[in-house]
Amino acid sequence: MPDVHAGMRAPAFALPSTEGDISLSALLATHTSAILAFYTEDGTPACQTEISVLKDAHEMLREFGAGVVAFVGARKRHLEAAEAEYSQA
């Protein structure tokens, strides 16, 4: 496996999401850059803190032309349930 670090060019991808399929090419078609955040678990305090920081900075990042995508190592149905719970809070 290659060494992965911040600033690396991401390979082309297309993945299912809670908002429909997402691809890097579609993201870069509407943004000048992309921020890809990867989480191995969801629901942990560290993940929730990091996601909150991205959410709070989202508008500023958009002003700079960046699209933000957070990847979580969980099943889509689990993420949809968590998203529904979060939006009610």
Side-chain angles (χ1 to χ4, degrees):
M1 174 182 252
D3 184 32
V4 177
H5 59 274
M8 285 184 71
R9 184 172 301 272
F13 66 83
L15 297 168
S17 80
T18 57
E19 298 179 9
D21 289 351
I22 186 165
S23 69
L24 182 59
S25 60
L27 185 64
L28 292 176
T30 57
H31 299 84
T32 58
S33 60
I35 296 172
L36 308 177
F38 294 88
Y39 301 94
T40 57
E41 296 180 27
D42 62 329
T44 62
C47 290
Q48 291 173 353
T49 299
E50 291 176 11
I51 289 173
S52 291
V53 168
L54 281 175
K55 181 180 179 232
D56 292 345
H58 188 253
E59 192 58 39
M60 179 190 65
L61 294 168
R62 285 185 53 189
E63 289 174 11
F64 285 102
V68 180
V69 179
F71 297 92
V72 181
R75 294 188 187 277
K76 185 179 171 189
R77 63 182 158 74
H78 178 76
L79 293 176
E80 289 169 338
E83 182 179 47
E85 181 179 328
Y86 182 77
S87 66
Q88 293 174 358

Side-chain donor-acceptor pairs of residues 23-30 under 3.5 Å, sequence neighbours excluded:
| residue | atom | partner | partner atom | Å |
| --- | --- | --- | --- | --- |
| Ser23 | OG | Ser25 | OG | 3.3 |
| Ser23 | OG | Ala26 | N | 3.1 |
| Thr30 | OG1 | Leu27 | O | 3.3 |

Query raised in the report: Does anything in residues 12-35 pair up under ring-ring contact (aromatic ring centres under 6.0 Å, His included), and if so which pairs, sequence neighbours excluded?
Result: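 Matches after skipping sequence neighbours: Phe13-Phe71.
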Query raised in the report: Excluding sequence neighbours, so at least two apart, what forms side chain to side chain contact (heavy atoms under 4.5 Å, CB included) with Glu59?
Result: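 By the side chain to side chain contact (heavy atoms under 4.5 Å, CB included) rule, Glu59 matches Arg62, Glu63.
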Query raised in the report: Is it the case that one hydrophobic cluster holds both Val68 and Val53, taking links as side-chain heavy atoms less than 4.5 Å apart, direct or via other members?
Result: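 No, separate clusters.
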**Report entry** Partner residues of Phe64 under the ring pair (Phe, Tyr, Trp, His ring centres under 6.0 Å) criterion, sequence neighbours left out
**Finding:**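 Not a single residue meets the ring pair (Phe, Tyr, Trp, His ring centres under 6.0 Å) criterion with Phe64.
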